[in-house]
Amino acid sequence: MTRFGCSGASRPIARNRALRGTVASLGIAWFLYPAHLAAQAVEAPPDVQTQGTSRGGREFALAAGVLGGAFLLDETVRDLALDHQGTLGRDLAEGGHTYGDWKRTAPVLAGGGILLGVALDGERGVRQATSAFFGVFAGSMSNTVLNWTLGRSRPRAERGVLHFDPFRGNASLGSGHTAYAFAIAAAVDEVTDGGWAIPFYVAAAGTGLARIYGDRHWLSDVVVGGFIGWWVGGRATGAAAGWLRAEPASDSSGLSPPARVRIRPLIAGDALGVQIRFHE
């Protein structure tokens with residue numbers, strides 16, 4: 001296999017790499033930022049919309065920095081993954097590929113979700129499962145549109161990290177498997193109480209790692225796909241739950257409702273991580 005940087009090996013690198021990278025980053029920001037501001041305008045009270053918009057700008061600036069860092073690490077991470085190939089790793093990666101393939105898992109997850117919803121909450125459970133399906137579809141399709149528009153070459157094509165051929169199929173940025181997996185996790189997070197979403201987030205992270213390990217995607221592909229799946233999938237699920245009146249019913253027994261768990265990326269000042277918050 002031809003490796004980047006090996007003696008005697010060569011592969012075509014697109015011209016104007018900085019320009020292409022800048023255009024790609026601006027395209028992603030153009031795709032996501034207006035939707036982010038619209039969601040804030042709907043969710044926030046009028047007196048805090050301005051402050052929320054300013055904070056949203058800082059968050060997206062930091063997110064753009066994270067994406068830029070992922071671009072810089074793309075080749076290093078790929079080399080690291082290719083240098084540590086093994087039978088066990090490939091078997092685990094195959095599981096991640098399978099989970100992120102909607103053709104294989106969507107019928108099982110959709111049918112299982114509806115059956116579980118009926119068993120646990122009757123008609124409301126069906127509405128919640130339908131809301132989750134809508135969120136997963138929206139998250140996956142949003143990534144598909146961006147993927148097709150940018151047309152970034154896959155790692156194994158040996159064309160470099162900044163080679164783009166827009167409006168072609170089977171492109172790389174962002175990762176469709178990862179977007180689908182994180183959309184599932186975000187949808188489950190929106191319609192369930194407790195820690196039901198945690199194993200789905202773990203499976204989504206495993207899918208992203210599998211796509212890198214299998215040389216199907218760059219690191220930045222996985223970062224972008226995971227963010228789009230999580231962000232669009234979660235908000236679309238919440239919107240659909242409102243339309244379908246699938247919000248959890250108030251507890252009339254007088255007992256305190258179970259704590260709700262929400263898992264969100266933490267972007268605040270110089271802090272970057274994962275926040276797990278429990279709501280009563």
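Please read these numbers as outputs of a predicted model, since none were measured by experiment.
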- Short side-chain to backbone donor-acceptor contact, D215 and L82, under 3.5 Å: no
- Non-hydrogen atoms of S142 and I228 that approach each other most closely: CB-CG2, 4.0 Å
- Message: In terms of relative ring orientation, are F137 and F133 parallel, tilted or perpendicular, with 30° and 60° separating the classes?
- Response: parallel
- Note on the structure: When every non-hydrogen atom of Y99 is compared with those of Y180, the smallest separation belongs to O-CE2, 3.5 Å
- Would you call D91 and E94 a side-chain contact if the rule is heavy atoms closer than 4.5 Å? no
- Query: Do you know which two heavy atoms are closest between V136 and A187, and how far apart they sit?
  - Reply: CG2-CB, 4.0 Å
- Message: Donor-acceptor pair, distance only, cut-off 3.5 Å: does the side chain of N147 make one with the backbone of A171?
- Response: yes
- Item | Donor-acceptor pair, side chain of R152 and main chain of V161, under 3.5 angstrom | yes
- Worked check of side chain to side chain donor-acceptor pair (under 3.5 Å) between H217 and R154: CA-CA 6 Å; H217 285 284; R154 291 183 181 269; 3.2 Å; yes
- Query: Is the closest basic N to carboxylate O distance between R211 and D221 below 4.0 Å?
  - Reply: no
- Message: Is it the case that the side chain of Q85 and the backbone of Y213 share a donor-acceptor pair, with hydrogens and angles ignored and the cut-off at 3.5 Å?
- Response: yes
- So, for S220 and L173, which heavy atoms are closest and what is the spacing to 0.1 Å? O-CD1, 3.8 Å
- Message: If we ignore hydrogens and angles and just use 3.5 Å, is the side chain of N143 paired with the main-chain N or O of G174 as donor and acceptor?
- Response: yes
